[in-house]
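A note on names: the letters A, B, ... follow the listed sequences, proteins ahead of strands, and every chain is numbered from 1.
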There are 2 protein chains.
Amino acid sequence: MKSPICEMFGIEFPLLAFSHCRDVVAAVSRAGGMGVFGAVNHPPELLEEELAWIDDHVDGKPYGLDLIVPNATALQAGPVDKDALLSMVPEEHKNFAADLLEKSGVSTNTLEQSRREHLHFTDNLTPHGAEAVLDVALAHPIKLMVNALGVPPEIMLQKGREHGVAVGALVGSAKHAARQVEAGVDVLIAAGGEAGGHCGEVSTIVLVPEVVRAAEGTPVLAAGGIATGAQMAGLMAMGAAGAWCGSVWLTTSEAETSQSVKEKMLTATSADTVRSRSRTGKPSRQLKSPWTESWDKEGPAPLPMPLQTLVTEPALRHLDKLADGGHEGAKELSTYWVGQAVGLMNETESAGRVVQRFKEEFAEAYERLAEALGE
Amino acid sequence: MKSPICEMFGIEFPLLAFSHCRDVVAAVSRAGGMGVFGAVNHPPELLEEELAWIDDHVDGKPYGLDLIVPNATALQAGPVDKDALLSMVPEEHKNFAADLLEKSGVSTNTLEQSRREHLHFTDNLTPHGAEAVLDVALAHPIKLMVNALGVPPEIMLQKGREHGVAVGALVGSAKHAARQVEAGVDVLIAAGGEAGGHCGEVSTIVLVPEVVRAAEGTPVLAAGGIATGAQMAGLMAMGAAGAWCGSVWLTTSEAETSQSVKEKMLTATSADTVRSRSRTGKPSRQLKSPWTESWDKEGPAPLPMPLQTLVTEPALRHLDKLADGGHEGAKELSTYWVGQAVGLMNETESAGRVVQRFKEEFAEAYERLAEALGE
């Protein structure tokens, strides 16, 4: 297919797959799209291991990486005091989480230890940590680095230019898009309010044309709500250079999504997600469950990032493990980030088959327009 | 263009324009789309006058009508006791509205009288009133009746069949779509959460494919967020049979939108709307203003329909009048229903020009896909 995205990465089909699962990343790249490995929480040694695995399984096809490299100001702030961070989590929040678990018969005695372990992700936010991650990444044949949080710092843009690696950024408004273009990013990902995970409120079909106008020629990937090749074609008809999907891979056969959450996703309708601050402190879209409903209805006000995460992640990971072991209470509470596209995700397919299906649906969508126009 | 919508109505371009302004309705129909006159609050004699005007200005082209005809159960409930309704509006709500106006130097002495006058719309909700409106409508050459609230009652479907007038309905979920198809509607309008006025939460690009799947062949118009022909083409690529737009007409030269609100809309971004229960009691999307922000932040809980409307409509119509007379406080407070597409509405055009622009952008969008596919 002809698209600035295909040219930039040397790929056949401009479909980018954001996934925390290396198998999905490799499968999508092999199928002609491009996998982007979500490595926000990976320490350098684990990242090295994962990228080496991908290199071995991607058949020489290009792939990318999604990181958080904080901007320069934050980088200058020096190392994070983990004990101080832990002590800032109020008892009220820890107790609310523990009570919810206990009411469903879920043990809570490991939470405090998991909370401490979860803190390793702050290492990536120090100047040394961020550089270490970048150095590991750039020793692999990656083609794209996406900064998941704000404008990429100069060090990321500079290292990208040195290594011939494109730098991308997620945006939720035309204003942010203009700021990213000015900073020099190579690809914008316009993520609508229907997207899973952190998202704004403006919907994909409104945001994409707004961002395309603001991007002044920088290619824009459409994101949010996309689970079919017909939607991808529709958004490219609106000016996007391709699509960035996250949710659709969560129910693939390769995905490491917990079995219980996968089953919920396959039966969920598009109305079964909620945009809530209760998971990370910032609005993020996720599957509705008694966990999200309790937090939103009667939970304490969400803490600023990353404190809320220190309350919720240990609890939710514990739930996933128990749920997959058959614990009914844990199954009920379990949830994960997913966009409204979950309503269109009704069967388990392999990631490669999803790419193939997108290509077929894309062609059908084009034929639909051609027929409407009598071409 | 080839589309079940073009065939059904004998129109050239499957773009339907919902508008309370008869000039817009006639202009869109003349330009090859189809205007749909919003007449929810019109007593029969006023409706007769408006439709006669449209007949005289539409050059024999088809047009439609948007009504509320309550379902059979509601129709059996008998006439509405207006005094009883008025007495159900709490002082707290009336005072909150009056205080907001007074703080901005806006007089409030006419509100009570306007509240009483506004009640005439309940006449249309009685069995006699609903039939009177239908009889007026069906004496004109309308091609479509859309029921703005729920499943159309049997009398509407039956009269539609007798007169060869298609019946349409707005839906915000696949479940509602299935129910409407079962009742026998001829056209579904899938309205996403980015739409102006009453709306759900599921976005247009997710809702349209879901509704198309549920519609089992009944044509689906895409609605919500659409202000360009490229978006229309994109949604038709996803399976819609055409587009239904409301917001985009509000800033046309023909529109009767208050000048102050028009100016706000032309400069608004897509982030400047809010989905709030404060205007009618049900969630509806509108331009953010100090009025909506005060209600949402510190106002009393919205009343059930139609009581909240009896508080807000008289105040907001009063504001529009004063704002257009140059009253600064009224200008600031003023607001109107509009979707997120407002971010794409940046200049005043005639309604006919909007249709023409849609056609051009549609063709460009198709070319964009053709080029991507190397066709």
Side-chain angles (χ1 to χ4, degrees), chain A residues 1-3 6 14 172-175 192-194 200-210 213 222 224-228 230-242 269-271 273-275 339-344 361-375, chain B residues 1-3 6 14 172-175 192-194 200-210 213 222 224-228 230-242 269-271 273-275 339-344 361-375:
Chain A
M1 194 175 288
K2 249 184 81 182
S3 147
C6 294
S173 73
K175 202 171 67 182
E194 54 266 69
E201 290 193 279
V202 177
S203 82
T204 304
I205 58 160
V206 176
L207 185 66
V208 165
E210 280 192 313
R213 285 181 193 183
I226 308 171
T228 73
Q231 292 170 303
M232 176 178 170
L235 288 157
M236 286 181 69
M238 298 178 208
T269 75
S270 58
T273 73
V274 61
R275 184 176 176 270
Q340 292 183 339
V342 73
L344 300 168
E361 291 164 341
F362 194 111
E364 286 161 18
Y366 171 75
E367 285 306 323
R368 221 172 267 139
L369 280 191
E371 204 181 320
L373 287 167
E375 302 277 335
Chain B
M1 194 175 288
K2 249 184 79 182
S3 148
C6 293
S173 74
K175 200 171 70 182
E194 54 266 70
E201 290 193 279
V202 178
S203 83
T204 304
I205 59 161
V206 176
L207 185 66
V208 165
E210 279 192 313
R213 286 181 193 182
I226 309 171
T228 73
Q231 293 171 302
M232 177 177 170
L235 288 156
M236 286 179 70
M238 298 178 209
T269 75
S270 58
T273 72
V274 61
R275 183 174 175 272
Q340 292 183 339
V342 73
L344 300 168
E361 291 164 340
F362 194 111
E364 287 160 17
Y366 171 74
E367 286 305 324
R368 222 172 268 139
L369 280 191
E371 205 182 320
L373 287 167
E375 301 277 333

**Prompt:** So which of Val208(B), Leu344(B), Ile226(B) has the biggest tally of heavy-atom pairs under 4.5 Å with chain A?
**Reply:** Leu344(B)
**Asked** Quick one: of Met232(A), Met238(A), Met1(A), who has the most non-hydrogen atom pairs under 4.5 Å with chain B?
**Response** Met238(A)
**Prompt:** Under 3.5 Å, side chain of Glu194(B) to main-chain N/O of Val206(A), donor-acceptor pair present?
**Reply:** no
Tabulate below the donor-acceptor pairs under 3.5 Å that side-chain atoms of residues 361-375 of chain B make, not counting sequence neighbours, or state none.
residue   : atom : partner   : partner atom : Å
Glu361(B) : OE1  : Gly229(B) : N            : 2.7
Glu361(B) : OE1  : Arg357(B) : NH1          : 3.1
Glu361(B) : OE2  : Arg357(B) : NH1          : 3.1
Tyr366(B) : OH   : Tyr366(A) : OH           : 3.0
Arg368(B) : NH1  : Ala237(A) : O            : 2.5

**Asked** What distance separates Ile205(B) CD1 from Ile205(A) CD1, expressed to the nearest 0.5 Å?
**Response** 7.5 Å
**Message:** Only pairs of heavy atoms separated by less than 4.5 Å count here; which of Ala227(A), Ala241(A), Gly225(A) has the most with chain B?
**Reply:** Gly225(A)
**Test item: Glu201(A) side-chain N/O and Ala271(B) main-chain N/O as donor-acceptor pair under 3.5 Å** = no
**Greatest number of heavy atom pairs closer than 4.5 Å to chain B - which of Lys175(A), Met236(A), Gln340(A)** = Gln340(A)
**Request:** Identify which of Ala174(A), Ser173(A), Gly339(A), Gly239(A) forms the greatest number of heavy-atom pairs closer than 4.5 Å to chain B.
**Result:** Gly239(A)
**Request:** With a 4.5 angstrom heavy-atom cut-off, could you sort out which part of Arg213(B) is near chain A: side chain, backbone, both or neither?
**Result:** side chain
**Asked** Which bit of Ser203(B) is near chain A, if near means a heavy-atom gap under 4.5 Å: side chain, backbone, both or neither?
**Response** both
**Request:** Find the one option among Pro209(B), Ser3(B), Gly200(B) whose heavy-atom pairs under 4.5 Å with chain A are most numerous.
**Result:** Pro209(B)
**Request:** Go through the atoms of Ser270(B) and report whether side chain, backbone, both or neither lie under 4.5 Å from a heavy atom of chain A.
**Result:** both
**Asked** Does Thr269(A) have any side chain to side chain donor-acceptor pair (under 3.5 Å) partners at least two apart in sequence or in another chain, and if so, which?
**Response** Asp272(A)
